Structure formats: C-alpha cells, structure tokens
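Worksheet: one structure, shown below.
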Number of protein chains: 2
Amino acid sequence: MSQTVSPLAPKTFPDLPPVAGVRFATAEAGIRYRNRTDVLLMLFERGTTVAGVFTRSKCPSAPVEWCEAKLAAGRARALVVNSGNANAFTGKAGRAAVKRTAELAAEAAGCKPREVFLASTGVIGEPLDASKFEGVLTDCAARAADGPWLDAAKAIMTTDTFPKVATRTVDLGGVPVTLVGIAKGAGMIAPDMATMLSFVVTDAPIAAPVLQGLLDRGVIDTFNALTIDGDTSTSDTLLMFATGAAAARGAPVIEESRDKRLAEFRAALFDLMGDLARQVARDGEGARKFVTINVTGATSKRSARRIAMSIANSPLVKTAIAGEDANWGRVVMAVGKAGEPAERDRLAIWFGDIRVAFRGARDPDYDEAAASAYMRRDEIELKVDLALGEASDTVWTCDLTKEYVAINGDYRS
Amino acid sequence: MSQTVSPLAPKTFPDLPPVAGVRFATAEAGIRYRNRTDVLLMLFERGTTVAGVFTRSKCPSAPVEWCEAKLAAGRARALVVNSGNANAFTGKAGRAAVKRTAELAAEAAGCKPREVFLASTGVIGEPLDASKFEGVLTDCAARAADGPWLDAAKAIMTTDTFPKVATRTVDLGGVPVTLVGIAKGAGMIAPDMATMLSFVVTDAPIAAPVLQGLLDRGVIDTFNALTIDGDTSTSDTLLMFATGAAAARGAPVIEESRDKRLAEFRAALFDLMGDLARQVARDGEGARKFVTINVTGATSKRSARRIAMSIANSPLVKTAIAGEDANWGRVVMAVGKAGEPAERDRLAIWFGDIRVAFRGARDPDYDEAAASAYMRRDEIELKVDLALGEASDTVWTCDLTKEYVAINGDYRS
C-alpha cells in the first residue's frame, strides 16, 4: 500500500450533497485490511433504475458476471462493494460467495437478491469468505445515511492514495437534479491491488434503457480514454443508479434517449465521468506526472484513439516523461508502431505549446531549454498532428516511475 | 549506458569461424560515443546474395527505406552499420546522409552504391553527419579481415551489456557450410538507445529469393517471438548475406525454396536466429530474469501468439516476476485482456512444473513455498493451457525492474 498521497491529487474535495433516495454506510469487515473500512453498502429507494458497463476481459470476476446477468431487469435496491479481495478466478466458490453476499444484502435491505449489485476489488484468485459480511451488512443498513460521501469513496480504495469523488447539479425539465460519483483506481486498470470501479447516483427519473445508452456513450471519451499501464482488470465496473426521487419535485420521467430535456443532464454526466477518469490517472501507481495526449489530423477517430493509446501505453514514452525528457523520438516510435495511417514526413509533435518535430524531422526552431522547463511541470500535454485527416482524440495517462515497479514488484523484498 | 553486464549473459562465447567471402573491420568514427568502436564495415565477395526483414513501423528510419529499396536486386557487396545515431526521423537530411554513406562505402569497397546496405542504431531525430565516415570506411576496407567476429558484434552495441553472436556449421548437399550471426538489442526493441539489428552471413550458395523466403519464415518464431517492452523500433533490421563461396568446394547452388538439400540449412538457420533472439531477451534493459512463455490449447497459432504476447508485454506480469512473485492472477488478467478465445473455467497456469491454477481457480494442491523457490531462479518458464484447441506458441521476454525505468528515464537526474 502506498503511504503518501499522489502529488497530483486534488488540493480540495468538492462539497458532496445528499442524493434523494440513496443512503449508505461503510464498515470494517476485515476481508484483508486491518483498521480501515473495506465494505460499502448502498441502499436505493424502490423504483431505482440501474445501468452498467464492465470489463471486456474474457476472464471476468464473479461479481461482474452477477451484475451483467441482473442488469437486464434494470432495477436495483442495493449495492455492496468490498475492497481487499476481487473474488476473481475463484470458480464455483466465487459464484457461491457472490450469491451469499447478495442474500445477506437483500435481507439487510428488505429486497430480492436479484436487486442487489456487487463489486469487489483486491487480490484475485483468493476465495472470498462471504460470512465476513454476516451481521456487517445488517448493521450498515441500520446506520445508512445520506452522507458523508468521502467515507464511501474511502471504503472502496486499494492502492489509491486519495478518494475520488465528483458531483454536478443540473436542470432536468426545469427541476434541479443531482449527480454524485465515486471511483477507485489505483492507477493501473488491472487486478490485484487495482481495478477501476465507479458508481454514479442521481435522483433524476430516467428509465433503465436510457440510462444504459448514456453510459455506453459516456464511457468512450471518459473511462475508456484512460490508461495507466494497458493492463485490463477482470473486475472493471461502472454502475449508475437513478432513484427517480426528483420526480416528486416535478422532474420529468425520461423514457427516451432522444428526449431533448436530457441534453444538459447528458453533458453533466459525461463531464462528471471524465472528471473521475482523470482523477484515476492522477492516482496512477507511482505517478508523478499527469499526461494528456491529443492526436489530431487522423483519418478516423478510431485511428486517432489507437495512436493515442499506443503513445499512452508505451513504456519508453512513459519513462521519458518520468525523466522529464521531451523525447519526441519515442513518440515517433509509438506512432509508427500503432499500425494506423501515419506519414513520417507530415508528422508534427508538441509538448505543451512547444513544437519539437515538424514534417519528418526535428523542428529547426525548437528550443531545448524551453522544452526542458516545460517537462518539469507535473501536468504534461503531448500533441501529435498526423496531417492526414480531420479526426482527433484525447486520452489520459501518467508517467512510469521506479515507484510503479516498486509497488507492483517489491512484495518479496 | 549500462556499466554492468546482464546477469543473464552467456558465460562464454562460442568460437566463431571465418565465413569464406566475408571480410570486415570496425572503427571509431566518433558519431556519439567516445573511446569505443561505433562503425562496422563488412565486405562481400562478388555474387553475394542478400535478403532482409525490417521493422513494421509506419515511420521507418532512412537506412531501412534505403535497404528495402535496394533489396529487389538481391545483390550486396558491402554493409555499413553505425551505433550512436539511428538516422531516423531526420527527413531529407537523413536520406542524403544515407546516400553519402553508401557512396563512401562503395568507393571503399569498389562497388556500386546500390550494392551497399546500411543500418543505424542510437538516438533518433538527430541528423547523422555522414562526413564522419570519410576516410574511416576506406581505412576499414584496407584493414578488413575474416575476424574477429566479437569486434563486429561490439561495434554495433548501444545499451547492450554483452555482444551477441552465434554460429552453426551444417551440411549442404554433402559439403559443410558455415553460418555466423551477430545481433544487437538493448533489451527493448525500440529506438533511442535500442533497436534490434541482426546480420547473418553464410558461404552457402543460395539465390536471393530463396534466402528471402527463409528469413520471412524464420523470423516468425525467432525475432518476432521476442518482446522486451512492446515498443517497436523505427530501425529494426535483419539482413542475411550468402556469399556462395562454398560452391568452389562443391556445395550446390540452391535456386528453389523446395530444394530438399536445404532442410538441414533451414533448421540450422532458424536455430541460430532463435539463439540470437533469446540473447537479446537476456540483455533486456534492467533484466534480471529471462522468461519463456508457452501458451497451449489455443484455437489457432495466431491466437496463442496474441495471448503469449499479452502476457509478455504486461507491466503487471513483468513487475511480479521481477518481485519473484508467482502472481498467476496477473497472468489471468493478461489472458483475459488479449481478446482471444479463452474460458476462465478451463484455464490452467504453471510456473515451471508447478501448476498454480486449474479450471478457473487456484490449484488446491499448489505449494506456495515451492513456487516461491522457483521464482528465485533467473530463468522462468510460464505456461498457460487454454484447453480449447491444439495450437500453441512460445515467446521470450524478461522482467520489468526499476533499472529499466532508470535506464530509460534518468537522463535528467
């Protein structure tokens, strides 16, 4: 576990309002950690809709399989999240643990097990002992309140060095509705001391299929535009719950994706998701630099994304940034290896506003001292213009430092 | 530059025989390094055939473009290799430098510039000053001799900690012929202080199209089965030269790929290429473990290769191995993220002979102490059985250590 907070952490946390129809509590179930909370129970008022997006791994965790199966009904009454054990690659025992946890939560929440959603993060391959939740979930339900959100965000952390929270208030058909999101991601988006989990709640009344459409579209340029090390978790989970409580205050029930009244809500949701995704990059394991990569002039958005990800996942680019080296040669390499349309003699590369390479060679006017000064910042923008088309894309990542290796490799030392 | 030799370096070098029709010399051209050789000139007797395989980067270096264009004629009289500057992303000046170098070498060798092949490795984006080769290449040609091969291998090193050489002697139609290969690869297969270069020479008389066919097939399970960090150089170059000098001793001229007399030669060539590729992995930047990854039970070889490469390129798997941690959870993750057919409940994973995971869960008989002891070795074999089909594949890599980050990121510290 990291002991020091990432230098890229936000200086302050926003005030996080209650969301009507949502109550929660956290507890110490002692799953793996000592002297810290490791379980979050969230309760939703009757009628709450749910949508979700999950890891594309071919070997998903037991809770991911559970959630995917239960999502079809579009209804949720409870969410249980634990840290310390991912309940992934745990076979039949893992499925049994999920079922037992859902039963315990359903009992505590007064709902059906199929209305319970679950997420787990932590070590994979270790059996999760669901009996640890006995009593604990009932107690959480009894204590459940509409705050404080920071406690919820803290209970789901693993190697995270700070809790990740965001909120937006937005107009829906003339009525203000609230969005609150929490996330965890220990920098890498991968299992065993990592995994990206995020939960977003709102009091807006939105039908489940509409909610699902929003998430499917929203992840593209937010959580899916994020990489720490290119590794994909067995457990990545984004769930969104809409209680509909704002309907009592006159908010319209949104039944159709094309409903124009949804525009402001959609924008605010995507903004909040991007905010949370960037916070994950800022807490990248061992990260000292937050890196934004912009690719322009591509032949398609898909091509721009692939080139941006090739740069963002390159160990050589990431170590160069860690070394505060404006090493555009490695950027060229990463563009070249992406396998996407690119012409060396059209390529231009910037660090910040400093153009370091232009038309297939070093920019003759490039000022090394200015570039070096820029690289000492803790937020780096890298731009590549392919000069082939009109498409562009942006992804976020962080640098690759010795601390990353230490966090992930020093178990035995 | 690394100062200490990789702990995975071979304990001894093989005796490397002369290859009839090949002479060479090295020199200090002062391109970047001081007090070490940085240029190799190799001369081939008239009638020498050539074949080559190059980086798939969309932004190849100027020498790669030159070689690809000149390969069509299939004839070679000279090879110039320099270390210290890759002459990549150098625009028109880079193309001019290649042309000038070829002219200087042609003058020294008494051949046409188009019969000169070139390779450069080192920093990218810096103009290469071809005037450094003036006089130097003429002097090399005057001194050219049939050994020692280790000098040739040393002149092309960058962050390599040991020279990479291999040799085979094999029967071709009743006549013994010789193969000698040298390689450089500073662990990563990428630019700026790395790039994989390899040159293989033989006295066998083999037509250029046959030679090309051998290389195209040979790289699949040798150089292309190797990864250090997933980064692809702008400059990767494998060239093979066949002088045909053994024809004077009665060796048959091989004009057809299906010629049965080629079988033993083919096997020896592939074996030599595999040997050189593994030496590159053993010199991986910062490497402390040489890692062989076997994937079996796949639905196709292509699928097995993708899964093996997903494992080999995973920073989390590589840091775990550096930490001597038999972390099969991360192997599951890497299998899952490959996007290839895989079923969690059929998967089995071994470190060496120790089966750690079986049918979707931790192997109940798995002995952690034995696994820990195994992980302390400096050669690790990781096997994944998908239990879906009959296809298999093997790739080689190394671990990811803090030294890798230091070598690639500590320029400014």
Side-chain angles (χ1 to χ4, degrees), chain A residues 56-60 88-91 93-94 123-126 188 190-192 229-234 314-316 319-320 322-325 327-330 332-342 344-345 347 357 359-362 372 400-402 404-406 408-413, chain B residues 56-60 88-91 93-94 123-126 188 190-192 229-234 314-316 319-320 322-325 327-330 332-342 344-345 347 357 359-362 372 400-402 404-406 408-413:
Chain A
R56 292 174 190 160
S57 172
K58 299 270 177 181
C59 303
F89 214 65
T90 41
V123 172
I124 95 171
E126 296 294 325
M188 61 180 155
D192 197 11
D229 48 18
D231 278 344
T232 307
S233 168
T234 56
S314 161
L316 289 173
T319 50
E324 304 191 335
D325 179 10
N327 195 320
W328 54 269
R330 296 185 182 179
V332 175
M333 175 280 299
V335 172
K337 81 164 177 170
E340 292 295 319
R344 186 190 57 193
D345 294 351
L347 218 55
R359 292 192 185 155
R362 184 168 64 173
S372 293
L400 171 58
T401 66
K402 287 183 220 174
Y404 175 89
V405 179
N408 289 297
D410 275 359
Y411 297 135
R412 310 277 161 173
S413 59
Chain B
R56 292 176 190 157
S57 171
K58 298 272 178 183
C59 303
F89 214 65
T90 41
V123 172
I124 97 170
E126 296 295 325
M188 60 178 157
D192 200 9
D229 48 18
D231 277 344
T232 305
S233 168
T234 55
S314 160
L316 289 172
T319 49
E324 304 192 335
D325 180 9
N327 194 319
W328 54 267
R330 296 185 181 179
V332 174
M333 173 283 296
V335 172
K337 82 166 176 167
E340 293 295 319
R344 187 189 58 194
D345 294 351
L347 217 54
R359 290 190 188 157
R362 185 168 62 172
S372 292
L400 172 58
T401 66
K402 287 183 220 172
Y404 176 89
V405 180
N408 289 297
D410 275 0
Y411 298 135
R412 310 277 163 175
S413 60

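Keep in mind it's a predicted model, so treat the numbers as computed, not measured. Throughout, a chain's letter reflects where its sequence line sits, starting with A, and its residues are numbered from 1.
- The part of Glu126(B) that comes within reach of chain A is its side chain, from C-beta onward, which places non-hydrogen atoms under 4.5 angstrom from that chain.
- Note: Gly339(B) leads Ala334(B), Gly339(B), Ala93(B) in heavy-atom pairs under 4.5 Å with chain A.
- Contact tally against chain A (heavy-atom pairs below 4.5 Å) for Ala338(B), Gly94(B), Gly336(B): the top residue is Gly336(B).
- The minimum heavy-atom distance between Gly329(B) and Ile124(A), with the atom names listed, is O-CD1, 3.1 Å.
- Per-residue counts of heavy-atom pairs under 4.5 Å with chain A were compared for Ala342(B), Cys59(B), Ala357(B); the largest is that of Cys59(B).
- Here the closest non-hydrogen pair linking Gly91(A) and Ala361(B) is N-CB, 4.1 Å.
- Using a 4.5 Å cut-off between heavy atoms, Thr90(B) contacts chain A through its backbone alone, with no side-chain atom that close.
- In this structure, Lys402(B) and Ala406(A) approach most closely via the heavy-atom pair CE-CB, 3.9 Å.
- Ranked by heavy-atom pairs under 4.5 Å with chain A, the first of Ala322(B), Gly125(B), Ala88(B), Pro315(B) is Pro315(B).
- In this structure, the side chains of Ser314(B) and Met333(B) come closer than 4.5 Å at one or more pairs of heavy atoms.
- Side chains of Phe89(A) and Leu347(B) form a contact here, defined as non-hydrogen atoms less than 4.5 Å apart.
- Put simply, the side chain of Arg330(B) reaches to within 4.5 Å of the side chain of Asn408(A), judged on heavy atoms.
- In this structure, chain A has heavy atoms under 4.5 Å from both the backbone and the side chain of Arg362(B).
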